[in-house]
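Letters A, B, ... mirror the listed sequences (proteins, then strands); counts begin at 1.
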Amino acid sequence: MTTKIDSIILGHNPFFGIDHLSAQRGNEKSQRFEDVGKIIEVLKHSHSLGARGMMMSTHPRAQSVSKAILEDSVLSSSWRVYPLVPYIQKYVRGSNEKGLGNLLVETLSQATLGQKLGLLLRGGKGLITKDLKQLVELLVDIEMLPFQKLNLGAIFLHDVVTDLVFNLGLDNAFEYFRDHVQKKYGVPAAFVTKNLPAIHRKFKANGWLDSPIMASLNSVGFYVNPSIEACQEALFDPNLNFVAMNSLASGHLSPDDAYKFLARYPALRSVVVGVSRKESATQTIGAMSRHLKFELPPQEKL
Amino acid sequence: MTKSHSIRIGITGFGKMGLLHTAILNGFEDSKVVAVSDPSPMITKVLSNLNPNIHAYEDLSEMLEKEPLDAVVIASPVSFHESAALACIEKGIPFFMEKPLVAHLQQGKNICAALEKKPTPHMIGFMCRYIEAFQKGQEVVLSKALGRLHRVSASIYVAQLFNKGVGWRYDRKVSGGGVLLSQGSHVLDLLTWYFGKITRVNAEVTSLYSSEIEDAAHVMLEFQSGLRGVLDCCWSKRFHRTPETRIEVAGDNGTLTVTDDGISLYLDESASGYQKGWTNLTAPELYQGVEVDVGGGQYTRELRDFLNILKTGKPSPITAQQALHVQHVIEAAYLSAERKGTPEVI
């Protein structure tokens, strides 16, 4: 399994109206991108600048974006999608609306008839206790439904799930996810986390560093846990396939400052960044190509 | 890493919040979750099978009987809070309990009476006090930079319910109320933390999708200090993907707006170390890293504070008595709404 993933991956948040700095700003973007054509314009512009991929959750808008990508002559052949599963907000809201147990039953009801029959034969509650492997596989497959036919780059597990599974001590689930994604979808299983040092230690110990790990990294330490200092060991490990998110600290940093900072870390393979306008894509991707040399071997510590 | 000297925790109520607290406390270096109890074994059994260090029970009293626990986290539906808290107090086991305190005021009074008789370390999980922006907002208010306060206006909105809800939250007998109790209690806790006790309310409530509980509430507030204000809450508000809280307060010397995303302060004259004109602090500037992050640093910080109570014996930052005041305010608001908005004294 190759772990080569695109160096520049666009984030989906602006297109889906998510803004970690301001909910109001998020709503404005959500309105702007109601017309999926506007999203495609930004993607194609970024493509012309050298970007080749984007993250995508199973947000209600994902289906129409996927369709538009497949219909576009350029994007359909040379644009890779990096699904982020599961779409966690759907589960949080569903859990508030229905309770955790009801939600799980309802989600599983989306499985195909054959899958459902298989589960029924194994019998009610017993299935979940015994068959975590099948459950993980089924949940991944349900989440992947909107992304059929797309070129995939990797499948990322959402940080809430990564961090829950890790802290609950359920290492098997990581293994099931890795195996299933690699076998069925032929791309690397990747993980988003808010606890980089701990996940790095665990993955290193288990020989899982071929899986890309995504976490926040920026010079002001926004969403960097427990601190920038505590992440140094991971970020200077050349075997880690590190994907940086939140590199602009929700717009708090200029692209030049942000990527000068990231350039010092040899573990950096890729940056996920949200762009909502052509101009910001030009500025952001321009700054990346000025400061980041993704393909170079590990640099000396600065 | 050995955790043999860890604080041993039991969790009761294994829904969304039980799961979150289990992960955080299990992730801490100095605590470990050794048991979980939930009447529906579907999820707890899976957990226990996959992580044999965590034992699953269907009944809280059995868990308390069989497991040597240093503390319990109560994350069950609100109507079970009273019996769970009383069971912990009886056994002298410290407990952390999710908000709101109880479904009905009398249950809260019973908990406080039991605590008075047999003081037991405890804390109520009003987690908004652990969000950096709300902490900064409290600092500004307590600094008195705004001068004499005029009025406060607060709201909490979330796009959660657009169909008839299923589950305990929408059953009045189990939940005790709707959006005012579930979400509004967070804001009422913040408001009392900022401005002191509330002495009088009048309110109106609206049911949009629910039959037994309110989906929106509008509450006029009067504080002991004389400050007046209003709280508006709704969980059927479009475009609010996650709960959004906003507190705006005006005074002789300026205005302060606090949201989950940051604070915005305007002062006519510099005061209490804050500059004249605008001071805007956003989430990236206020952010503080945490030792374990599952679903937000505020949950980590509140549980860390709870463990500190156990380790150092320092007083609880959020007591059942404080939460009982919030419960009083909500009960008075429901009474006022029933009486078509008559003022109710607390």
Side-chain angles (χ1 to χ4, degrees), chain A residues 16-27 30-31 88-89 91-93 95-105 125 128-130 132 135 159-160 163-173 193-195 198 218 220-228 230 246 249-253, chain B residues 14-16 18-20 22-28 32-33 38 40-43 45-51 53-54 77 158-163 165-170 182 235 239-242 244 259-262 282-297 300:
Chain A
F16 295 160
I18 297 162
D19 187 317
H20 289 300
L21 195 59
S22 153
Q24 195 188 341
R25 221 166 63 174
N27 286 338
S30 178
Q31 283 176 34
I88 207 74
Q89 208 52 42
Y91 289 90
V92 172
R93 193 200 287 184
S95 164
N96 286 340
E97 208 176 300
K98 306 177 178 88
L100 202 55
N102 292 332
L103 177 71
L104 194 59
V105 170
K125 285 170 184 169
I128 293 167
T129 317
K130 290 177 199 125
L132 181 77
L135 185 69
D159 53 277
V160 169
D163 294 330
L164 267 177
V165 166
F166 171 72
N167 286 299
L168 292 172
L170 312 180
D171 292 5
N172 286 348
T193 179
K194 284 189 175 150
N195 302 277
N218 52 67
V220 290
F222 186 39
Y223 286 133
V224 182
N225 290 311
S227 63
I228 296 174
N246 258 311
S250 291
H252 186 70
L253 299 168
Chain B
F14 207 70
K16 183 189 58 168
L19 187 65
L20 183 74
T22 302
I24 296 170
L25 288 163
N26 220 35
F28 281 170
K32 60 180 175 186
V33 174
D38 195 289
S40 156
M42 185 165 82
I43 295 169
K45 284 271 168 66
V46 186
L47 176 66
S48 181
N49 276 7
L50 297 169
N51 183 344
N53 298 324
I54 302 177
V158 61
Q160 173 173 318
L161 192 73
F162 295 97
N163 292 296
V166 184
W168 67 267
R169 280 186 176 75
Y170 309 97
S182 171
W235 60 20
F239 311 125
H240 292 266
R241 195 178 59 91
T242 54
E244 284 165 40
T259 69
D260 310 74
D261 302 325
T282 57
E285 292 161 289
L286 295 167
Y287 187 79
Q288 291 161 14
V290 286
E291 56 202 299
V292 175
D293 188 338
V294 185
T300 306

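Summarising the geometry, atom CG belonging to B:Asn53 is positioned 12.0 Å from atom CG belonging to A:Leu168; distances are rounded to the nearest 0.5 Å. Here the CG atom belonging to A:Leu164 is positioned 7.0 Å from the CG atom belonging to B:Leu20, to the nearest 0.5 angstrom. A distance of 10.0 Å separates CG of B:Asn51 from CG of A:Asn172, quoted to the nearest 0.5 Å. To the nearest 0.5 Å, the span separating CG on B:Leu19 from CG on A:Asn167 amounts to 11.0 Å.
Although no hydrogens or angles enter the test, the distance criterion places a donor-acceptor pair under 3.5 Å between the side chain of A:Asn195 and the main chain of B:Asp293.
B:Glu291 approaches A:Pro226 most closely through the heavy-atom pair CA-CB, 4.2 Å. Nearest heavy atoms, B:Tyr287 versus A:Asn225: OH-OD1, 2.9 Å. Of all heavy-atom pairs between A:Ala249 and B:Pro284, the closest is O-CG, 3.5 Å.
For chain B, the nearby part of A:Leu170 is the side chain; its heavy atoms alone come within less than 4.5 Å.
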